[in-house]
Engineer: 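Please read through the structure below; I'll follow up with questions.
Heavy-atom basis, side chains included; hydrogens, waters and symmetry copies ignored. This is a predicted model, so every value here is computed, not measured. Order of the sequence lines fixes the chain letters, A, B, ..., with proteins taken first and strands second; residue numbering starts at 1 for each chain.
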Number of protein chains: 2
Amino acid sequence: MVQYSKARLDASFAALSDATRRGVLEQLGRADASITDLAEKFHMTLTGMKKHVGVLEQAGLVTTEKVGRVRTCKLGVRRLEEEAAWIEAYRQLWDARFDELDKIVEELKRKEKDDGE
Amino acid sequence: MVQYSKARLDASFAALSDATRRGVLEQLGRADASITDLAEKFHMTLTGMKKHVGVLEQAGLVTTEKVGRVRTCKLGVRRLEEEAAWIEAYRQLWDARFDELDKIVEELKRKEKDDGE
DNA sequence: AGAATACTGAACCATTCGGTTCAGTGTCTA
DNA sequence: TAGACACTGAACCGAATGGTTCAGTATTCT
């Protein structure tokens with residue numbers, strides 16, 4: 001399996017493990033938004049939303065820029081490439097594992113039949 | 001965007017956000033293992049490992065069966081389909097969003113040029 | 001200038017997390 | 001049957017999470 005950045009996967013999967021933060025990403029996929037916009041949309045205080053945005057920013061999934069008194073949030077540069085790759089590799093492992101188990105079962109069946117005859 | 005099970009995504013992304021647990025999944029992709037096996041491999045107490053396995057089991061990523069005194073862990077039925085689907089949908093959103101921004105930039109460039117001439 | 005807006009940081013709170021130890025319980029094995 | 005083995009559950013621990021309030025600061029509007 002390819003070498004993944006442990007800390008990076010930790011951070012982004014953790015970021016994705018909260019429904020509010022996934023919602024923020026979907027929202028930013030539609031349009032950039034200020035902290036106030038997001039806080040209202042998700043029924044939360046400004047401070048609370050700022051923390052969520054901070055988590056997403058740390059994970060590289062969101063970038064923000066403050067102009068005047070408003071901080072605008074937009075999707076970050078990361079497209080979840082590594083996360084998608086990890087999951088894809090896992091799925092292949094899973095398939096291989098179950099194929100293997102199937103073969104073992106087949107083998108057992110064959111032997112059983114041989115023994116029986 | 002398709003309807004995903006909020007709680008399920010919460011649980012599985014959270015399960016994946018820990019390097020030890022991702023390691024356990026990779027390990028179980030190679031061979032089934034007892035709690036003792038896994039605890040040794042990841043330098044951790046039995047109790048500690050049992051908790052990790054519990055988290056993975058709750059997320060449906062691992063199943064276990066106790067025979068005699070040993071509990072054998074294997075990959076569960078879930079293949080991270082929903083998680084892969086969420087990420088894929090996000091990536092499409094991301095692409096669409098950046099295409100859109102590109103268009104806006106193009107538009108601005110065009111206007112600028114018109115104004116200049 | 002004064003009021004309203006938008007954010008920020010510190011402090012606090014309850015809960016969860018990742019890990020441990022310790023004291024069992026049940027299962028093998030000699 | 002005694003000892004070793006594999007796990008289990010409860011209790012504890014410090015740190016991180018997800019949220020809040022409160023008291024600022026900086027910016028914008030009137």
Engineer: Around B/Glu88, counting heavy atoms of other residues, nucleotides and ligands shown, do more than 12 lie under 6.0 Å from its CD?
Structural biologist: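 Yes.
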Engineer: Which nucleotide, C/dG19, C/dT8, C/dG18, lies nearest any side-chain atom of A/Lys66?
Structural biologist: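 Selected nucleotide: C/dT8.
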Engineer: Is the shortest side-chain N to carboxylate O distance from B/Arg71 to B/Glu65 below 4.0 Å?
Structural biologist: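 Between B/Glu65 and B/Arg71 there is no salt bridge, as every charged N stays at least 4.0 Å from the carboxylate O atoms.
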Engineer: Let me know which of A/Leu75, A/Leu25, A/Leu28 forms a side chain to side chain contact (heavy atoms under 4.5 Å, CB included) with A/Leu56.
Structural biologist: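 Running side chain to side chain contact (heavy atoms under 4.5 Å, CB included) over A/Leu75, A/Leu25, A/Leu28 with A/Leu56 returns exactly one hit, A/Leu25.
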Engineer: Measuring from the side chain of A/Thr20 (C-beta onward, heavy atoms only), which nucleotide among C/dG18, D/dG18, D/dG19 has the closest atom?
Structural biologist: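 Of the candidates, D/dG19 comes closest.
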Engineer: Whole angstrom is fine here: how far is it from CE in A/Met44 over to P in D/dG18?
Structural biologist: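 Distance, rounded to whole Å: 10 Å.
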Engineer: May I have the distance from A/Leu38 (atom CG) to D/dG19 (atom P), rounded to whole angstrom?
Structural biologist: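 Nearest whole value for this atom pair: 14 Å.
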Engineer: Is A/His52 close enough to D/dG19 that one of its side-chain N or O atoms is under 4.0 Å from OP1 or OP2 there?
Structural biologist: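 Result: yes.
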Engineer: Could you tell me whether the side chain of B/Thr47 has a donor or acceptor atom within less than 3.5 Å of a complementary atom in the base of D/dG9?
Structural biologist: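 By the distance-only test, yes, there is a pair.
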Engineer: Using a cut-off of 4.0 Å on non-hydrogen atoms, how would the nucleic acid contact of B/Gly48 be classed: base, sugar-phosphate, or nothing?
Structural biologist: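 Base contact - B/Gly48 has a heavy atom under 4.0 Å of at least one base atom.
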Engineer: From the set C/dG18, D/dT8, D/dG18, return the single nucleotide nearest to any side-chain atom of B/Leu46.
Structural biologist: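 Per side-chain heavy atoms of B/Leu46, the pick is D/dT8.
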Engineer: Can you measure A/Met49 atom CE to C/dG9 atom C1' for me and round it to whole angstrom units?
Structural biologist: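 Those two atoms, CE and C1', are 18 Å apart.
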Engineer: A/Glu65 has an atom CD; how far is it from atom P of D/dT27, in whole Å?
Structural biologist: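 After rounding, the gap between these two atoms is 15 Å.
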Engineer: Whole-Å distance between D/dC5 C1' and B/Glu40 CD?
Structural biologist: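 Going from CD in B/Glu40 over to C1' in D/dC5 covers 12 Å.
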Engineer: When you get a sec, tell me which of C/dG18, D/dA6, D/dT8 is the closest nucleotide to the side chain of B/Lys50?
Structural biologist: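 Closest of the options to the side chain of B/Lys50: D/dT8.
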Engineer: Could A/Asp18 and B/Lys6 be called an ion pair, given the rule that one side-chain N must be under 4.0 Å from one carboxylate O?
Structural biologist: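 No.
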Engineer: Within less than 4.0 Å of OP1 or OP2 of D/dT8, is there a side-chain N or O belonging to B/Arg71?
Structural biologist: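 Yes.
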Engineer: Are B/Arg69 and D/dT8 close enough that a side-chain N or O sits under 4.0 Å from OP1 or OP2?
Structural biologist: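 Checking D/dT8 against B/Arg69, no side-chain N or O comes under 4.0 Å of OP1 or OP2.
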Engineer: With the threshold set at 4.0 Å, does a side-chain nitrogen-carboxylate oxygen contact exist between A/Glu83 and A/Arg78?
Structural biologist: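 Yes, this pair counts.
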Engineer: Side chain of B/Lys51 only, heavy atoms from C-beta on: which candidate in D/dT21, C/dT20, C/dC12 is closest?
Structural biologist: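 Given the options D/dT21, C/dT20, C/dC12, the side chain of B/Lys51 is closest to C/dT20.
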Engineer: For the pair made of CG in A/Asp18 and P in C/dT16, what is the distance, rounded to whole Å?
Structural biologist: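 That distance rounds to 14 Å.
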Engineer: Check the distance between D/dT17's C1' and A/Leu16's CG and give it to me in whole angstrom.
Structural biologist: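 In whole Å, D/dT17 C1' and A/Leu16 CG are 16 Å from each other.
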Engineer: I want to confirm an ordering. Mapping A/Val67 and A/Ala14 to their closest nucleotides on DNA chain D, which one lands closer to the 5' end?
Structural biologist: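 The answer here is A/Ala14.
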Engineer: Please state how far atom CZ in B/Phe42 lies from atom P in C/dG18, giving the value in whole angstrom units.
Structural biologist: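 After rounding, the gap between these two atoms is 15 Å.
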